[in-house]
Protein chains: 2
Amino acid sequence: MSQRNTGVTPQVVNAHACPVREVLDRVSGKWSVQILVAAAHGPIRFTELERGIEGISRRMLTLTLRNLERDGLVTRTVHPTVPPKVEYELTPVARELHETLLRLTGWAERNRVYIAESRAAYDTEHEPELVDV
Amino acid sequence: MSQRNTGVTPQVVNAHACPVREVLDRVSGKWSVQILVAAAHGPIRFTELERGIEGISRRMLTLTLRNLERDGLVTRTVHPTVPPKVEYELTPVARELHETLLRLTGWAERNRVYIAESRAAYDTEHEPELVDV
DNA sequence: CAGAATCCGCGTAGATACTG
DNA sequence: CAGTATCTACGCGGATTCTG
């Protein structure tokens, strides 16, 4: 394959069967969701996203935006000015998804403590292997 | 750290700030969601999951189940019989999440065609670099 | 400002073999 | 049946450098 790693996700292979996988493939990736959330308030510029997301690299922002654009979840509008100005905006389809993402976030916040405690408990029970070596 | 790659996800580092990241970290991983969905109908055995999920390796099933158990999303019940019988079941917290996951799935099914077409269109426009080399 | 290109480490996941 | 152990790879993602 001529695939010289363009950064556009391949993983096309087994995306056939399960719709669940498709969503997750679309929404997964370390930054997709945060971008979708950040862009939900309206058109947003590249640099605004970069500074708003905290921890994202320029490269990853670009790549993730490309993939979201490719999937029809964001639009990319270039304003031919000097200096250049590029705005990203959610498509209607992505906006539907955004509502669902808010539910996910809500769930996370409600159960964040529970999960943390579960983890702590599990780790306590399951690492007596560190006795001494 | 003594972390000898037990398979239990580390990535604890930047899970502090954003609740969004936390959820996704919890639910991401190639198989988590499918397992949660598969186990939603009630207690389910290891092998049933293995055959129901299609494409998952025994190793990944084990690791993912461990992590879900660690986060308090599934319970693991061992029946001391011969041959052994182990059943996994969603916790109440995971069941709440399951409802949200159904919304995600719904979104995926409604927009699957749209996304596929968007991809196709994007790929058509953006790979004229394969002209001849 | 908004990227593209390159280099590279690390973790996630697959394949395979062994066990209580 | 329900795992564990080991070895390996490939793709994600970070850091850095260069451009229109």
Side-chain angles (χ1 to χ4, degrees), chain A residues 1 3-15 21 24-35 43-69 74 76-88 126 129, chain B residues 1 3-15 21 24-35 43-69 74 76-88 126 129:
Chain A
M1 319 194 204
Q3 192 78 356
R4 204 195 47 229
N5 192 3
T6 55
V8 185
T9 51
Q11 92 209 125
V12 196
V13 191
N14 59 3
R21 278 243 49 79
L24 269 290
D25 284 352
R26 216 84 347 272
V27 156
S28 117
K30 204 171 175 180
W31 306 104
S32 306
V33 171
Q34 287 174 81
I35 291 179
I44 188 171
R45 299 185 61 177
F46 186 87
T47 307
E48 291 176 333
L49 282 169
E50 188 177 11
R51 277 179 301 196
I53 290 192
E54 186 78 25
I56 194 170
S57 65
R58 187 161 289 175
R59 172 183 143 86
M60 275 305 112
L61 180 55
T62 302
L63 288 182
T64 310
L65 282 171
R66 284 292 172 284
N67 280 303
L68 290 175
E69 187 193 356
V74 304
R76 178 172 178 269
T77 311
V78 181
H79 302 273
T81 60
V82 178
K85 176 178 178 180
V86 180
E87 285 186 321
Y88 294 90
H126 292 77
E129 308 100 33
Chain B
M1 316 198 206
Q3 194 77 355
R4 203 197 45 230
N5 193 2
T6 55
V8 186
T9 51
Q11 93 211 120
V12 196
V13 192
N14 59 3
R21 276 243 51 76
L24 268 290
D25 284 351
R26 215 85 347 270
V27 155
S28 116
K30 204 171 174 180
W31 304 105
S32 306
V33 170
Q34 287 174 81
I35 291 180
I44 187 172
R45 301 183 61 175
F46 186 87
T47 307
E48 291 176 332
L49 281 170
E50 189 177 10
R51 277 179 300 196
I53 289 190
E54 186 78 25
I56 194 171
S57 66
R58 186 161 291 177
R59 172 184 145 84
M60 276 305 110
L61 180 55
T62 302
L63 287 181
T64 310
L65 282 170
R66 284 292 173 283
N67 280 304
L68 291 175
E69 187 192 357
V74 304
R76 176 171 178 271
T77 310
V78 181
H79 302 273
T81 59
V82 178
K85 176 178 179 180
V86 180
E87 284 186 320
Y88 294 91
H126 291 78
E129 309 100 32

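Scope of the values below: all heavy atoms of this structure, side chains included, with no hydrogens, waters or symmetry mates. These numbers were taken from a predicted model, which means no experiment stands behind them.
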Between atom CG in A/L65 and atom P in C/dA2, what is the gap in whole Å?
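The distance from CG of A/L65 to P of C/dA2 comes to 11 Å, rounded to the nearest Å.
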Hey, could you give me the OG1/CG distance between A/T62 and A/N67, rounded to the nearest 0.5 Å?
11.0 Å
State whether B/S57 places a side-chain N or O below 4.0 Å from either non-bridging phosphate oxygen (OP1 or OP2) of C/dA13.
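Checking B/S57 against C/dA13: no side-chain N or O falls below 4.0 Å of OP1 or OP2.
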Once you round it to whole Å, what is the distance between P of D/dA2 and CG of B/L63?
17 Å
Rounded to the nearest 0.5 Å, how far does CD of B/E87 lie from CG of B/L49?
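Between atom CG of B/L49 and atom CD of B/E87 there are 10.5 Å.
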B/T47 side chain, from C-beta outward: closest of D/dC1, D/dG13, D/dG3:
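Nearest to the side-chain atoms of B/T47, counting from C-beta on, is D/dC1.
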Rounded distance (Å) that lies between atom C1' of C/dT19 and atom CZ of B/R59:
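It works out to 17 Å between those atoms.
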From CG of B/L61 over to P of C/dA15, roughly how many Å is that when rounded to an integer?
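Atom-to-atom, B/L61 to C/dA15, this comes out as 14 Å.
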With a 4.5 Å cut-off on side-chain heavy atoms, are A/V78 and A/R76 touching?
yes
Grab the NZ-C1' distance between B/K30 and C/dG14 for me, whole Å please.
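Computing the B/K30:NZ to C/dG14:C1' distance gives 8 Å.
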Closest listed nucleotide, where the reference is the side chain of A/W31 and the choices are D/dG13, D/dG3, C/dA13
D/dG13
To the nearest 0.5 angstrom, please state how far the CD atom of A/E69 sits from the OG1 atom of A/T64.
12.5 Å
Would you please confirm or rule out a distance under 4.0 Å between OP1 or OP2 of D/dG3 and any side-chain N or O of B/R76?
yes
Round to a whole Å and report the spacing from CD of A/E48 to P of C/dA2.
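The answer, rounded to whole Å, is 8 Å.
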Round to the nearest Å and state the distance from B/L49 atom CG to D/dC1 atom P.
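Atom CG in B/L49 sits about 14 Å away from atom P in D/dC1.
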Check the phosphate of C/dG3 against A/T62, side-chain N and O only, distance under 4.0 Å to OP1 or OP2. Yes or no?
no
Would you kindly give the CD1-to-P distance between B/I56 and D/dG3, to the nearest whole Å?
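Answer to the nearest Å: 12 Å.
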Selection from D/dC1, C/dA4, C/dG14 that lies nearest to any side-chain heavy atom of B/P83:
D/dC1
When you measure from the side-chain N and O atoms of B/R58 to the phosphate of D/dA2, is any distance below 4.0 Å, counting only OP1 and OP2?
no
Can you find a heavy atom in the side chain of A/F46 that is under 4.5 Å from one in the side chain of A/L65?
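Yes. Closest side-chain heavy atoms under 4.5 Å.
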